[in-house]
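Both counts, for ligands and for their atoms, begin at 1 and track the order of listing. We number each residue from 1, following the sequence as shown.
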Amino acid sequence: QHFLLPANRSLPPVVFHWMPVIGSVISYGRDPVNFFLQCREKYGDIFTIILLGRRMTVALGPAGNRFILGGKSTIFNAEDAYKHLTTPVFGKDVVYDVPNHVFMEQKKFLKFGLTGENLRVYVGMIEDEVHQYLQTDQAFLSLKTLSSDEYGSFDVLKVLEEITILTAARTLQGREVRDNLDKTFSTIYKDLDGGFTPLNFLFPNLPLESYRRRDRAQKKMSQFFINIIQKRRTSSSHGENDMISSLLGQKYRDGRALRNHEIANMMIGLLMAGQHTSASTGAWALLHVAYNRNVADSLYEEQLEFFCTKGGVFRSMTYEELKKLPLLNAVITETLRLHPPIHSIMRYIREDVLVPSSLNDIFTVPRGHYALASPAVSQMDPHIWKSPQTWDPYRWIDSDFVSSSFSGLKKGTESVFQPFGSGQHRCIGEQFAYVQLGTIIATIIREVELRRDNGVPRPNYQTMITCPREPRSIFYRRRTH
Ligand code: HEM
Ligand code: LAN
């Protein structure tokens, strides 16, 4: 296809595969991180894999991350890589359904909604939701009846999915969504979510019931939000700290306010952005905490030290205090290192691009390829981290745990730690995720003791967001202060 390659340039090596077209989809799908590490042994930091007819050029390490994530969006294009997945779920005129510069404005609107002021209010709301969940919910029901020395058990991913949606609804999504969570909203959400899977990513259109349900659910969900927005526009209810309220006050650079369906569809995007990423991170964090009893004890002690009143009861955390808890934050960071929810970040290559010399100076990546960055690989790279496979939150407190041969953690697109991506498409949800996860974990740790003896499960890469495989049960018992 390419006859105009400069004379001194060639294409990256293609990873060996038995079946044409199908290519490496099996090895990649089974365990992408290990597959990439094996490819790196044979081919170096840049190589091309075939995935169902698509040519994906993978670039690893700090230079690879920078090459792909630091690239211009006119060449390394996100919407060409993602829109067939996201537009049917989010709807029209938002995210990857609009030109990049429009989406960048939409991202800015979201940032305005995630102010310190709002996050400050969210801490108390999240505490309240989790506390309430621990009192009443099915998965934890036995908490009430168990005597103090008996342990109950729960599926940690299921519980975290439930707590995540409850807390996101209470905070970002707003009162109307929270009030509808166990009614209309949850079935529509399930159908929509059923259309946001690897299958939908690989095959945008299949004549399957799940695809039709996805399309119906998108319309209903969009309408559900539009109704809320219309009511909000006519009523005088101010003082809301949620995202709808914030988006209602925003304008594009040309002075145009957001239309109802744009706000609605951004709210759907928000739902999809924060749900499985946070739930999975929270589940992994609790699995590790429950398995590492010493960390569990120290986390509890950190809570006691900072928040135990003279009367022997816990008081609420503030946003500022939450940000300063060393172990709690290290637990989240270390969990994101070892279990980044998103293992592959993709772009479509719109123009031939020379690979920079920091990576390799003989290759060109031609237009029509996809580019793939995998921060997950650098986050577990044995050349960079001491005992990379060991979950050890203290490595973030005592920085000596990073390998001595490695010259420190750079920031930005070259960083070896970027669970939230980097560059133009970097995540804007990081602060919210830390507030949400920190508050959830702290509230659970305050109220129950966690235990797990049989190690931590292996990751499941077949789901859209990397999550723990079964068995995911954790034993718990109510604390007796
Ligand atoms: C982008 C991870 C939570 C909103 C991204 C990207 C990653 C990521 C890796 C980069 C995608 C790319 O470059 O193609 C995560 C993780 C989360 C999380 C690990 C939680 C633990 C959230 C939350 C929100 C959010 C809570 C919303 C409040 C976004 C948005 C983008 C993004 C708007 C921008 C996409 C783009 O510019 O193309 N996230 N995310 N994320 N995320 Fe998150
Ligand atoms: C996702 C979720 C899926 C994810 C994978 C397919 C797993 C990954 O391999 C590539 C990146 C991708 C497609 C991805 C990119 C950013 C998304 C689409 C999200 C994190 C889900 C939501 C997020 C989107 C940009 C959020 C938009 C939200 C607004 C409110 C504007």
Side-chain angles (χ1 to χ4, degrees), residues 28 32 56 65 68-71 73 76-79 81-87 89-91 93-98 100 102-111 113-114 118-119 122 160 164 167-168 171-173 193 196-202 243-244 246-247 258 262-285 332-333 335-337 339-348 370-376 379 413 418-437 461-467:
Y28 171 71
M56 292 262 178
N65 290 341
I68 295 171
L69 303 179
S73 70
F76 295 84
N77 191 267
E79 53 268 31
Y82 297 155
K83 67 167 172 260
H84 64 280
L85 168 77
T86 55
T87 300
V89 176
F90 304 169
D93 298 328
V94 301
V95 191
Y96 305 122
D97 190 53
V98 291
N100 186 253
V102 178
F103 177 42
M104 290 301 131
E105 285 202 70
Q106 295 177 346
K107 269 178 89 169
K108 197 186 66 196
F109 302 151
L110 295 172
K111 276 196 204 149
L114 294 163
N118 283 349
L119 293 174
Y122 295 169
L160 260 293
T164 304
T167 54
T171 56
L172 285 177
Q173 298 285 332
D193 192 49
F196 203 61
T197 69
L199 191 70
N200 299 89
F201 194 43
L202 292 173
M243 192 59 85
I244 297 183
S246 163
L247 293 176
L258 279 81
E262 292 172 318
I263 298 181
N265 295 350
M266 283 173 75
M267 295 307 291
I268 299 177
L270 204 60
L271 204 62
M272 293 309 190
Q275 180 56 24
H276 301 307
T277 47
S278 271
S280 155
T281 308
W284 282 114
I332 299 171
T333 305
T335 303
L336 286 166
R337 182 187 69 81
H339 307 287
I342 294 177
H343 57 71
S344 298
I345 297 179
M346 288 164 239
R347 304 285 182 260
Y348 181 76
Y370 290 82
L372 189 156
S374 184
Q379 289 174 199
T413 54
Q418 33 182 300
F420 297 96
S422 64
Q424 213 181 6
H425 289 280
R426 194 186 193 287
C427 187
I428 49 104
E430 176 171 1
Q431 282 85 352
F432 178 80
Y434 267 80
V435 166
Q436 188 183 29
L437 287 166
Y461 293 104
Q462 269 98 66
T463 44
M464 187 81 102
I465 278 359
T466 312
C467 62

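Within the structure, ligand 2 lacks Val94 among the residues with a heavy atom less than 4.0 angstrom away. Residue contacts with ligand 1 include Arg347, since one or more of its heavy atoms lies under 4.0 Å from the ligand. At least one heavy atom of Met346 lies less than 4.0 angstrom from ligand 2.
Within the set Ala81, Ala273, Pro198, the minimum heavy-atom distance to atom 26 (C) of ligand 2 is found for Ala273. The residue among Ile428, Val435, Ile345 with a heavy atom at the shortest distance from atom 33 (C) of ligand 1 is Ile428. Among Leu372, Val95, Leu247, the residue whose heavy atom lies closest to atom 27 (C) of ligand 2 is Val95. Atom 37 (O) of ligand 1 has its nearest heavy-atom neighbour, among His276, Glu430, Gln106, Lys107, in Lys107. Looking at Lys83, Gln275, Met464 and measuring to atom 6 (C) of ligand 2, the nearest heavy atom belongs to Met464. Within the set Ala81, Cys427, Gly113, Ala168, the minimum heavy-atom distance to atom 29 (C) of ligand 1 is found for Cys427. In this comparison of Ser280, Gly421, Pro341, the heavy atom closest to atom 19 (C) of ligand 1 sits on Pro341.
Note that OG1 of Thr86 is 9.5 Å distant from CD of Glu79, once rounded to the nearest 0.5 Å. Taking OH of Tyr122 as the reference point, atom OG1 of Thr167 lies at 11.5 Å (rounded to 0.5 Å). Between atom CZ of residue Phe103 and atom CE of residue Met266 there is a gap of 8.0 Å, rounded to the nearest 0.5 Å. To the nearest 0.5 Å, atom CZ of residue Phe196 and atom CD1 of residue Ile268 are 11.5 Å apart. Tyr82 contributes atom OH, which lies 6.5 Å from atom CZ of Phe201 (distance to the nearest 0.5 angstrom). If you take CE on Met464 and CD1 on Ile342, they are separated by 9.0 Å, rounding to the nearest 0.5 Å.
Protein heavy atom nearest atom 11 (C) of ligand 1, with residue, atom name and distance: His425 O, 4.2 Å. At the top of the distance list for atom 23 (C) of ligand 1, counting protein heavy atoms only, stands Gly429 CA, 3.6 Å. Counting only heavy atoms of the protein, atom 6 (C) of ligand 1 lies nearest to Phe420 O, 3.8 Å. The protein atom (non-hydrogen) at minimum distance from atom 28 (C) of ligand 2 is Gly269 C, 3.5 Å. For atom 20 (C) of ligand 2, the closest non-hydrogen atom of the protein is Ile342 CD1, 3.7 Å. Counting only heavy atoms of the protein, atom 24 (C) of ligand 2 lies nearest to Phe90 CE1, 4.1 Å. Residue, atom and distance of the protein heavy atom nearest to atom 10 (C) of ligand 2 are Ser344 O, 3.2 Å. In terms of protein heavy-atom proximity, atom 30 (C) of ligand 2 is closest to Met266 O, 3.0 Å. At the top of the distance list for atom 4 (C) of ligand 1, counting protein heavy atoms only, stands Ala273 CB, 3.6 Å.
Just one residue in the list Thr463, Asp193, Thr281, Thr164 forms a side-chain hydrogen bond (donor to acceptor under 3.5 Å, both in side chains) with His276, and that residue is Asp193.
The contact set between ligand 1 and Tyr82, taken as ligand atoms under 4.0 Å from a residue heavy atom, comprises 12 (C), 14 (O). Less than 4.0 angstrom separates some heavy atom of Leu110 from each of these atoms of ligand 2: 29 (C), 30 (C), 31 (C). Interface of Phe103 with ligand 1, defined as ligand atoms under 4.0 Å from a residue heavy atom, comprises 35 (C), 36 (C), 37 (O), 38 (O). Interface of Leu270 with ligand 1, defined as ligand atoms under 4.0 Å from a residue heavy atom, comprises 27 (C), 28 (C). Residue Thr281 has at least one heavy-atom neighbour below 4.0 Å for each of these atoms of ligand 1: 21 (C). For ligand 1, the atoms sitting less than 4.0 Å from at least one non-hydrogen atom of Tyr96 are 35 (C), 36 (C), 38 (O), numbered in the order shown with element in parentheses. Less than 4.0 angstrom separates some heavy atom of Pro419 from each of these atoms of ligand 1: 2 (C), 9 (C), 19 (C).
Between the side chain of Gln379 and the backbone N or O of Gln418, at least one donor-acceptor pair lies under 3.5 Å. In this structure a side-chain-to-backbone donor-acceptor pair under 3.5 Å is missing from Asp97 to Val94. Under the 3.5 Å distance criterion, the side-chain polar atoms of Gln106 are matched with a main-chain donor or acceptor of Asp93. In this structure, the side chain of Ser280 engages the main chain of Thr466 through a donor-acceptor pair within 3.5 Å. Side chain of Arg347 to main chain of Ala371: no donor-acceptor pair is present (N/O by atom type, distance under 3.5 Å, no hydrogens or angles).
Not a single N or O atom of Gln424, backbone or side chain, sits closer than 3.5 Å to an N or O atom of ligand 1. Backbone and side-chain nitrogen or oxygen atoms of Tyr96 are examined, and none is located within less than 3.5 angstrom of a nitrogen or oxygen of ligand 2.
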Test side chain to side chain contact (heavy atoms under 4.5 Å, CB included) applied to His425 and Ile345, step by step: CA-CA 10 Å; His425 289 280; Ile345 297 179; over 6 Å; no

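The aromatic rings of Tyr434 and Phe420 sit tilted relative to each other, their planes meeting at an angle between 30° and 60°. Note: His343 and Tyr461 have perpendicular aromatic rings, judged against thresholds of 30 and 60 degrees for the angle between ring planes.
Distance screen at 4.0 Å: atom 8 (C) of ligand 2 has a protein heavy-atom neighbour inside the cut-off.
A 4.5 Å side-chain heavy-atom check between Met267 and Leu271 finds every atom pair outside the cut-off.
Lys111 NZ: 12 or fewer foreign heavy atoms inside a 6.0 Å radius.
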